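Keep in mind that what you see is a predicted model, and the values were worked out from it rather than measured. Numbering starts at 1 and runs along the sequence shown.
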Amino acid sequence: MPRPTAAQFSYGSATVVFSALALLLLFRTESGIGVAAVGTVALLLGLLVALALPARTRTARPATAPPTAARTHRTIEDIEIAAAQREHIGEHSLHR
């Protein structure tokens, strides 16, 4: 499960605080059960807001990959070097 981002924490927390304040002022509840119900509703609203925010995805390119245009241009020397390297792949390092 991915970790929540800072934006999800902050928006969810702000929603809990402001919705609890608004509900307490709107319903003017003074009983313990009413305050518990308002707190539960505020927490659920904060959770919904935090989950509704899109999570950050990591789509960064690898730093070692050259651009596409650079990979398509190969010289004859590059092809010959690659062929020579392929010939020596199976050989042991002591058999030179």
Side-chain angles (χ1 to χ4, degrees):
M1 182 172 184
R3 292 184 175 183
T5 61
Q8 288 173 322
F9 273 124
S10 60
Y11 281 116
S13 299
T15 301
V16 169
V17 170
F18 289 124
S19 62
L21 182 63
L23 288 172
L24 286 172
L25 290 175
L26 181 67
F27 292 119
R28 296 183 185 181
T29 183
E30 295 178 4
S31 67
I33 295 174
V35 172
V38 166
T40 303
V41 169
L43 285 173
L44 289 174
L45 284 173
L47 182 64
L48 287 175
V49 167
L51 292 178
L53 287 176
R56 181 177 43 183
T57 58
R58 298 176 189 251
T59 59
R61 287 183 162 180
T64 58
T68 308
R71 281 189 273 143
T72 58
H73 181 69
R74 294 180 67 180
T75 62
I76 294 176
E77 290 85 14
D78 292 337
I79 296 171
E80 290 173 351
I81 291 171
Q85 288 175 346
R86 270 188 250 123
E87 290 176 3
H88 297 292
I89 286 177
E91 296 179 5
H92 193 273
S93 62
L94 297 177
H95 295 133
R96 289 188 180 186

*Asks:* Should F9 and L47 be regarded as members of a common hydrophobic cluster, given that ILVMFWY residues are connected when their side-chain heavy atoms come within less than 4.5 Å of each other, either directly or indirectly?
*Replies:*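 In one cluster with F9: L47, no.
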*Asks:* So for atom CD1, which belongs to I76, do other residues, nucleotides or ligands contribute more than 12 heavy atoms lying within a distance under 6.0 Å?
*Replies:*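 Open: at most 12 neighbouring heavy atoms sit under 6.0 Å from CD1 of I76.
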*Asks:* Find the distance between CG (L23) and CG (L26) and round it off to the nearest 0.5 Å.
*Replies:*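 L23 atom CG to L26 atom CG measures 6.5 Å (nearest 0.5 Å).
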*Asks:* Going through the checks in order, is the side chain to side chain contact (heavy atoms under 4.5 Å, CB included) test met by V35 and V38?
*Replies:* CA-CA 5 Å; V35 172; V38 166; 5.7 Å; no
*Asks:* Please report the shortest heavy-atom distance between Q8 and R3, naming the atom on each side.
*Replies:*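 Residues Q8 and R3, closest heavy atoms: OE1-O, 4.5 Å.
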*Asks:* What closest approach, in Å, do A50 and G12 show between heavy atoms, and which atom pair accounts for it?
*Replies:*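 That would be CB-CA, 4.3 Å.
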*Asks:* Ignoring hydrogens, what is the shortest heavy-atom contact between Y11 and L53? Give both atom names and the distance.
*Replies:*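 For Y11 and L53, the tightest heavy-atom pair comes out as CD1-CD1, 3.4 Å.
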*Asks:* Counting only heavy atoms from other residues, nucleotides and ligands, does the tally under 6.0 Å from CD1 of I33 exceed 12?
*Replies:*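 No, not enclosed.
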*Asks:* Which distance, rounded to the nearest 0.5 Å, do you find between the OG of S19 and the CG of L44?
*Replies:*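 It comes to 9.5 Å.
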*Asks:* Hey, any chance L24 and V17 share a hydrophobic cluster, counting ILVMFWY side chains that come within less than 4.5 Å of each other, even indirectly?
*Replies:*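 Not linked; separate clusters.
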